[in-house]
Amino acid sequence: MKCETIFYLANKTSLCKKALETETEKLRVTLGACHFATEPKKLGEHLITALKSNNIVFVIGGLGSNYGNISAEKVFSKALGNNLPSEIYKLKNPISSHKGYVIRKDGQIIVLLPDEPTEISEIFRCGLSDYFKSAVNK
């Protein structure tokens with residue numbers, strides 16, 4: 001599976017990237033390009049471009065933030081063409097209140113993760129790995 005990563009208002013990017021690489025390697029998912037965004041417009045541009053050529057896009061960090069009057073939710077709805085996703089799945093994070101999400105639409109998956117490396121690993125351990133294994137077989 002092809003995938004890319006977007007860091008959005010994220011901290012600890014190199015540590016998060018390493019945690020993500022470790023977890024996706026176990027699933028035989030190879031991470032492609034990494035992008036960085038510090039405003040919703042750039043996040044949206046990266047999402048739209050990444051979804052044109054990838055099955056999976058990871059977005060790490062900043063999702064609870066509002067930038068001006070534009071929320072991350074508005075950015076995702078525009079990137080998905082203002083269509084409702086076929087599935088939204090809330091990910092378990094047993095070590096923090098920061099949740100992750102999976103948004104699935106037409107065979108493409110956007111995974112939203114917090115910008116804490118240990119939390120990324122825990123989210124994979126507590127269900128995201130199983131989700132990917134079943135999603136590949138759908």
Side-chain angles (χ1 to χ4, degrees):
M1 282 190 275
K2 289 180 66 178
C3 67
E4 290 187 11
T5 306
I6 302 168
F7 291 97
Y8 179 56
L9 299 173
N11 296 304
K12 303 178 186 178
T13 55
S14 62
L15 295 172
C16 289
K17 183 178 183 223
K18 182 66 178 160
L20 186 61
E21 286 171 344
T22 299
E23 297 303 327
T24 55
E25 210 172 76
K26 296 173 191 174
L27 299 170
R28 298 182 186 174
V29 173
T30 305
L31 295 179
C34 286
H35 307 280
F36 299 88
T38 57
E39 61 180 351
K41 181 179 180 187
K42 201 62 160 166
L43 172 62
E45 290 170 2
H46 287 314
L47 269 171
I48 289 167
T49 301
L51 289 170
K52 287 180 182 175
S53 59
N54 294 277
N55 300 46
I56 304 167
V57 178
F58 291 96
V59 178
I60 297 177
L63 298 171
S65 303
N66 281 339
Y67 190 95
N69 63 352
I70 302 172
S71 67
E73 291 80 10
K74 289 180 184 176
V75 172
F76 287 107
S77 72
K78 285 188 179 189
L80 293 169
N82 290 316
N83 295 321
L84 290 175
S86 53
E87 180 180 8
I88 298 176
Y89 177 72
K90 190 175 190 177
L91 299 167
K92 296 175 187 165
N93 183 353
I95 60 174
S96 171
S97 63
H98 299 118
K99 302 296 179 205
Y101 296 89
V102 173
I103 301 170
R104 189 177 183 130
K105 174 84 171 118
D106 298 332
Q108 292 179 306
I109 299 171
I110 301 171
V111 181
L112 315 175
L113 295 169
D115 58 352
E116 276 296 327
T118 55
E119 293 180 25
I120 290 171
S121 298
E122 280 297 305
I123 288 171
F124 269 89
R125 188 184 66 75
C126 290
L128 186 54
S129 291
D130 292 336
Y131 179 88
F132 271 112
K133 289 173 188 171
S134 68
V136 169
N137 296 323
K138 283 186 179 180

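Here, residue 1 is the first one in the sequence, and each next residue gets the next number. Given the structure is predicted, the values throughout are model-derived calculations rather than measurements.
Remark: Lys18 NZ to Ser14 OG distance equals 11.0 Å, nearest 0.5 Å. Atom CD1 of Ile56 and atom CD1 of Ile109 lie 5.0 Å apart (nearest 0.5 Å). We find the CG-NZ distance between Leu27 and Lys133 to be 6.0 Å, quoted to the nearest 0.5 Å. Annotation: the span from Ile6 atom CD1 to Glu45 atom CD amounts to 10.5 Å, rounded to 0.5 Å. One distance of note links CG of Leu31 with OG1 of Thr5; it measures 4.5 Å at 0.5 Å rounding. Here the CD-CD distance, from Glu116 to Glu122, works out to 12.5 Å after rounding to the nearest 0.5 Å.
Checked by atom type and distance alone, the side chain of Asn93 never pairs as donor or acceptor with a backbone atom of Ile123 at under 3.5 Å. Using a distance-only test at 3.5 Å, with no hydrogens or angles considered, a donor-acceptor pair links the side chain of Gln108 to the main chain of Leu51. No donor-acceptor distance shorter than 3.5 angstrom exists from the side chain of Thr24 to the backbone of Thr30, with no hydrogens or angles considered.
Considering only heavy atoms from C-beta on, Thr22 stays 4.5 Å or farther from Ser121 through its side chain. A heavy-atom distance below 4.5 Å is not found between the side chains of Asn55 and Cys3. Two residues are said to be in side-chain contact when any heavy atoms from C-beta on lie closer than 4.5 Å; Glu4 and Ser53 meet this criterion. Leu9 has its side chain within reach of Thr38: a pair of non-hydrogen atoms, C-beta onward, lies under 4.5 Å apart. Side-chain contact check for Lys17 versus Phe7: some heavy-atom pair is nearer than 4.5 Å. Residues Lys12 and Pro117 form a side-chain contact, since some pair of their non-hydrogen atoms from C-beta on lies under 4.5 Å apart. At least one side-chain heavy atom of Leu113 sits under 4.5 Å from a side-chain heavy atom of Phe124.
Surrounding NE2 of His98 are at most 12 heavy atoms belonging to other residues, nucleotides or ligands under 6.0 Å away. At most 12 non-hydrogen atoms from other residues, nucleotides or ligands lie less than 6.0 angstrom from CD of Glu25.
In terms of heavy-atom proximity, Phe36 sits nearest to His46 at O-NE2, 3.3 Å. Residues Lys99 and Pro114 share a closest heavy-atom pair of O-CD, 4.3 Å.
Ring planes of Phe58 and Phe132: tilted class, angle from 30 to 60°.
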